[in-house]
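Before any comments, here is the structure.
Below, all heavy atoms of this structure are taken into account, side chains as well, without hydrogens, waters or symmetry copies. For clarity, every value in this text was computed on a predicted model and none was experimentally measured.
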Amino acid sequence: MANTTFQGTVRAESGLKVSTKSSTTGAYTDYFTVGSSGALTAKGATGLATTALMTVGTGISAVTAAIVKHSVVLIGNIYETTIALDLTGLSSSAAADIIGKEATANCHYGQITAAVNGTILSGYMQCLETPTTGEPDIDVYTATVATGTEDAAITSLTETAVLNTGADWTSILAPKGFTTVPPANGYLYLVGSGGGTDGTYDAGKFILKMYGYSA
């Protein structure tokens with residue numbers, strides 16, 4: 001089949017299908033269908049993306065084991081931002097100090113902007129794997145700059161406390177909702193709290209979730 005380019009509206013009264021044809025049997029397999037009522041059906045993996053992705057700071061990405069993945073999906077006029085992260089290889093120090101690569105700047109998890117994330121309504125943090133050998137009581141902050149350094153106090157920046165956990169995270173601890181709405185254009189940081197354990201994490205997986213809306 002040849003590629004076809006249309007100008008103007010394309011109408012199909014019985015719906016549209018995206019299919020592949022078997023080279024051996026000639027049979028078609030439908031992978032994406034738009035029914036005549038507007039219902040969507042997809043087979044296999046379906047990718048959704050926004051205009052841009054969030055970018056983690058070099059003070060986090062410099063540690064190979066410290067996995068950080070972002071997803072921002074707009075459905076209707078609701079933005080859902082998900083950050084999946086693994087603390088392995090990152091360092092914590094005294095209470096109120098930034099978590100990241102040892103003595104390295106730019107230890108943020110991405111910038112929150114209305115263009116990418118919408119106007120944030122609220123969010124939460126959930127532990128998927130108990131953090132060990134580093135500080136297990138971890139708070140969430142934002143700051144107005146991206147340059148925050150591991151082992152430096154978050155209060156040395158212009159910051160906002162988004163979540164004060166007040167407990168050690170474990171994989172059986174219930175998700176904790178943000179107590180303050182993350183301000184627009186802020187950079188996300190994880191900050192040690194509690195006893196301020198000085199160590200390098202060998203485990204610790206989390207989900208950060210935020211919900212925004214089209215203003």
Check against side-chain contact (heavy atoms from CB on, under 4.5 Å), N77 and Y213: CA-CA 6 Å; N77 61 356; Y213 58 91; 5.6 Å; no

Side-chain contact, heavy-atom cut-off 4.5 Å: [X] with [Y]?
| X | Y | result |
| --- | --- | --- |
| F178 | S122 | yes |
| V18 | D30 | no |
| I207 | T82 | yes |
| K176 | L173 | yes |
| V191 | I138 | no |
| V72 | Y79 | yes |
| P131 | F206 | yes |
| E135 | D168 | yes |

Under 4.5 Å between side-chain heavy atoms, hopping through other hydrophobics if needed: is there a path connecting [X] to [Y]?
| X | Y | answer |
| --- | --- | --- |
| M210 | Y141 | no |
| L157 | L163 | no |
| Y201 | I154 | no |
| L90 | M125 | yes |
| V63 | L87 | yes |

Under 3.5 Å donor-acceptor, E129 side chain and G204 backbone: yes

Whether T165 side chain and A167 backbone form a donor-acceptor pair below 3.5 Å: no

T180 and T160: CA distance, side-chain angles, deciding distance, side-chain contact (heavy atoms from CB on, under 4.5 Å) verdict: CA-CA 8 Å; T180 302; T160 299; 3.9 Å; yes

Test side-chain contact (heavy atoms from CB on, under 4.5 Å) applied to Y109 and L85, step by step: CA-CA 9 Å; Y109 281 85; L85 59 97; 4.0 Å; yes

Derivation and outcome, side-chain contact (heavy atoms from CB on, under 4.5 Å), residues I60 and I99: CA-CA 9 Å; I60 304 296; I99 293 168; 5.8 Å; no

I78 atom CD1, neighbour heavy-atom count above 12 within 6.0 Å: no

Mutual orientation of the aromatic rings belonging to Y124 and Y211 [parallel < 30°, tilted 30-60°, perpendicular > 60°]: tilted

